[in-house]
Amino acid sequence: MTAPDYPETRKGDLVETLFGEQVADPYRWLEDDVRNNPEVAGWVERQNAVTDAYLEGLPARDWFKRRIGELFDFERYSVPVERGGRYFYTGNTGLQNQSPLYVRDSLDAEPRLLIDPNEWAADGATALGGWVPSPDGRKLLYSVQDGGTDWRILHVLDVDTGEQLGEHIRWAKFTGLAWVGNDGFLYSRFPEPEAGGDFQALNMDQAVYYHALETGQDEDRLVFATPDHPERNHVAQTSTDGRWAVIMSSTGTDARYEVHVIDLEAGWDPQPLVTGFENSWRPVDSLGSRLFFVTNKDAPLYRLVSYDMDAPEAGWTEVIAEREQPIADAALVGGKLVIEYLEHASSAAYVHGLDGELVREIDFGGIGSASGFYGSPDSPEMFYAFSSFNRPATIYRYDIASGDSTVFAEPELSFDPDDFVVEQRFYESRDGTRVPMFIMRRADVADSGKAVPTLLYGYGGFDVSLTPGFSTSRLAWVEAGGAYAVANIRGGGEYGKAWHDAGRRANKQNVFDDFIAAAEYLIAQGITPQKGLAIQGGSNGGLLVGAVVNQRPDLFAAGNAAVGVMDMLRFDRFTAGRYWVDDYGYPDREEDWHILRGYSPYHNVRRGTPYPALLVTTADTDDRVVPGHSFKYIAALQDADLGDRPQLIRVETRAGHGSGKPTDKAIEEASDIAAFLAQWTGLQPS
């Protein structure tokens with residue numbers, strides 16, 4: 001199972017002089033859209049043929065495909081949303097490609113099917129995106145995602161009859177869905193791209209529009225835009241009581257916002273509430289004229305504040321002060337404030353009065369991730385989900401008055417969660433920083449103290465926190481006798497703004513150092529053998545894999561770089577790439593360019609050096625991180641004489657950056673990756 005013969009890749013002679021340095025880019029032609037360039041399409045077809053043949057010969061592939069499929073086959077549900085006395089949620093019987101949407105006309109009523117996206121496309125690749133019921137629960141606004149793209153098409157459904165209304169809204173992307181009363185909604189859209197630019201053109205000039213039901217999209221009212229600043233993004237949401245619309249504006253991925261508020265009882269005039277793009281502001285909800293926000297202004301770990309729109313002279317009022325753990329989420333339910341904190345990357349939640357006084361803690365019963373916290377300011381109930389590495393999500397109904405949690409939906413499992421041990425450890429990075437890491441193993445493996453093939457996962461960017469979550473493919477890896485580890489490296493949000501800042505732009509090397517230190521710790525502690533460590537990451541985590549493999553190819557046996565940002569000198573030229581300068585810096589600024597050039601995976605492949613086995617995965621409809629990143633990177637790897645281990649690319653069709661992927665494709669991809677990593681770490685499922 002050594003490296004196969006790779007398909008020939010045309011190598012161009014393009015060399016550019018950038019900030020005094022000559023930089024070769026021989027595979028620039030692979031940036032073209034696979035739909036519009038026959039040469040790129042032919043190259044992808046030849047690469048897939050070689051990769052498919054290799055993967056089909058892997059001894060563990062059939063075992064992983066069978067077991068991951070079995071583990072996927074359980075009923076699962078989303079957290080329900082109540083509107084007008086009705087309860088809306090998605091549910092999946094197990095192996096359905098897409099999860100249908102259901103409604104209960106009361107809490108105890110039988111569910112009835114509203115939308116089945118499995119009927120939309122023969123290949124299962126058309127998905128239900130975001131959805132939100134109208135305040136009276138009689139209509140449903142929802143979005144459709146086709147083939148994994150970030151573009152959305154918006155529709156409206158009559159909940160009583162199940163019939164589609166005439167709405168068909170195009171060119172929505174990165175949008176909120178916000179009802180204004182029961183007869184119209186706010187959404188965000190971009191101008192229609194030029195022909196052929198749907199999946200590669202830069203996303204500029206986002207604006208908020210109001211659409212009145214039973215009118216054409218060309219009649220939609222422009223509510224908020226900044227034509228003098230086309231780089232700004234604008235997303236709207238409305239308060240539960242329907243009085244306020246809050247428009248959040250940003251310039252990139254950083255949590256730095258301007259806030260405008262519209263009093264919908266008085267008209268359509270947006271009033272500035274926060275200006276300057278200096279801090280994070282997360283709207284929670286409102287009570288009368290009082291708006292609640294979570295912010296990191298004067299509080300790097302966040303605090304909860306309020307603003308009375310009828311008494312602006314009073315300014316901002318602190319309701320819940322900053323504490324030692326960052327606030328991850330907040331909700332206003334039943335006249336109480338529910339605050340979720342991250343305590344060493346695991347969820348903890350507390351109920352407070354409107355004066356900020358603590359009422360009680362919500363007991364989750366262990367290490368894990370809570371999500372949802374859906375309820376209304378005047379509702380006595382709230383719904384949330386809780387999961388962990390060894391437990392898929394259970395949905396709970398929480399009584400605000402009594403503090404009792406009761407199960408709303410709990411999956412029946414084909415395994416015993418108690419057969420697995422989840423622990424958290426801390427290790428030191430290169431500069432002495434203490435970094436947390438989760439490790440999951442079979443209980444008998446942990447008790448034996450035996451070093452076993454280990455899969456290490458990381459992300460490290462964009463203020464994203466990696467909390468304990470369930471994955472069928474990772475559980476299958478552990479069932480097979482391996483270990484699974486998640487390193488909460490810098491660049492994420494696990495410890496607030498300082499943790500994020502310590503892993504971006506000029507500090508990006510800290511991210512790679514943290515991940516390398518995690519790998520060294522797993523080896524030193526006897527969790528994994530010297531040649532038994534695989535690494536995995538997606539998107540910014542794909543960049544992570546590419547960078548650390550270049551820096552320490554000796555440390556890893558195998559890796560999977562998924563939908564990664566691999567050309568750090570040109571990432572800002574495609575679709576959403578321009579947003580990422582907040583984390584990466586600006587490729588057209590000399591100081592930033594030198595930093596980016598220093599770790600860009602595509603530009604730093606170490607020719608003639610033995611590399612781990614690498615499987616690069618991407619998809620033809622990824623319009624978030626365009627697949628040209630992965631195409632160019634694998635071409636550079638295959639040309640570099642990196643030893644006997646394979647450097648392969650797997651390109652999925654009719655799929656995107658990840659969301660909306662049908663279950664059958666998810667199982668196929670996960671099985672291929674697990675079998676590939678098992679082959680090169682020595683994991684032998686039985």
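Proximity of D418 to F420: side-chain heavy atoms (C-beta onward) are nowhere separated by under 4.5 Å. Using a 4.5 Å heavy-atom threshold, the side chains of R650 and L615 count as touching. You'll find the side chain of L95 stays beyond 4.5 Å of the side chain of T93, heavy atoms only. Side-chain contact check for H344 versus N488: every heavy-atom pair is 4.5 Å or farther apart. The side-chain heavy atoms of I115 and L157, taken from C-beta on, include a pair separated by under 4.5 Å. At least one side-chain heavy atom of P612 sits under 4.5 Å from a side-chain heavy atom of V549. The shortest distance between side-chain heavy atoms of D622 and V626 does not fall below 4.5 Å. Using a 4.5 Å heavy-atom threshold, the side chains of Q98 and L128 count as separate.
In K65, the NZ atom is not crowded: 12 or fewer heavy atoms of neighbouring residues, nucleotides or ligands sit closer than 6.0 Å. Annotation for Q684: atom CD does not count as buried by contact number, only 12 or fewer foreign heavy atoms lying within 6.0 Å. The number of heavy-atom neighbours closer than 6.0 Å to CD of E45, taken from other residues, nucleotides and ligands shown, is 12 or below. Remark: D644 CG is loosely packed, at most 12 non-hydrogen atoms of other residues, nucleotides or ligands lying under 6.0 Å away.
Note: F88 and W131 have tilted aromatic rings, judged against thresholds of 30 and 60 degrees for the angle between ring planes. Classification of the F571-W580 ring pair by plane angle, with boundaries at 30° and 60°, yields parallel. Using bins of under 30°, 30° to 60° and over 60° for the plane-to-plane angle, the ring pair F470/F415 lands in the parallel bin.
Taking the centre of each ring, Y384 and Y396 come in below the 6.0 Å mark. Centroid-to-centroid, the aromatic rings of F408 and Y89 come within less than 6.0 Å. Ring centroid separation for the pair H629 and Y602 does not come in under the 6.0 Å cut-off.
Remark: the E56 side chain and the Y54 side chain contain no N/O donor-acceptor pair separated by less than 3.5 Å. Side-chain atoms of Q47 and Q638 form a donor-acceptor pair, as typed in the model, at a separation below 3.5 Å. A donor and an acceptor atom, one from each side chain of N560 and T617, are located under 3.5 Å apart. Checked by atom type, the side-chain pair T90/S78 shows a donor-acceptor distance below 3.5 Å. Between the side chains of D514 and S429, at least one donor-acceptor pair of N or O atoms lies under 3.5 Å. Defined by atom type and a distance below 3.5 Å, a donor-acceptor pair is present between the side-chain atoms of Y611 and N550. A donor atom on one side chain and an acceptor atom on the other are not found under 3.5 Å apart for D623 and T575. With no hydrogens or angles considered, a side-chain donor-acceptor pair links Q536 and R474 at under 3.5 Å.
Cation-pi contact between R61 and F64: absent, since separation from the ring centre below 6.0 Å together with deviation from the ring axis within 45° is not met. For the pair R35 and F199, the cation sits on the ring face: its NZ or CZ lies under 6.0 Å from the ring centre, inside 45° of the axis.
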task: Apply the test salt bridge (Lys or Arg N to Asp or Glu O under 4.0 Å) to residues R552 and E520: give CA-CA distance (whole Å), side-chain angles for both, the deciding distance (0.1 Å), then the verdict.
output: CA-CA 11 Å; R552 288 293 306 276; E520 292 174 332; 2.9 Å; yes
field: Stepwise salt bridge (Lys or Arg N to Asp or Glu O under 4.0 Å) check, R67 with E479
entry: CA-CA 9 Å; R67 188 55 186 146; E479 277 193 339; 2.5 Å; yes
Steps toward side chain to side chain contact (heavy atoms under 4.5 Å, CB included) verdict (R441, V421): CA-CA 5 Å; R441 291 174 287 179; V421 173; 5.6 Å; no
query: Which is it for H657 and T621 under the side chain to side chain contact (heavy atoms under 4.5 Å, CB included) test, yes or no, and what are the steps along the way?
result: CA-CA 8 Å; H657 200 60; T621 316; over 6 Å; no
- request: Decide yes or no on side-chain hydrogen bond (donor to acceptor under 3.5 Å, both in side chains) for Q145 and T126, but give the supporting numbers first.
  value: CA-CA 6 Å; Q145 176 188 23; T126 303; over 6 Å; no
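Electrostatic pairing of E70 and R66 counts as a salt bridge here, judged by a charged N lying under 4.0 Å from a carboxylate O. Salt-bridge annotation for K661 and E669: present, with a side-chain N of the basic residue lying under 4.0 Å from a carboxylate O of the acidic one.
When all heavy atoms of T681 and P453 are compared, the closest pair comes out as O-CG, 3.4 Å. Between A487 and L466, the shortest heavy-atom distance links the atoms O-CD1, 4.1 Å.
The main-chain N or O of D664 is found under 3.5 Å from a side-chain atom of N97 such that the two form a donor-acceptor pair. In this structure, Y6 contributes its side chain and Q647 its backbone to a donor-acceptor pair below 3.5 Å.
For the side-chain hydrogen bond (donor to acceptor under 3.5 Å, both in side chains) with T467, the qualifying choice from S371, S346, S347, S369 is S369, the only one to do so.
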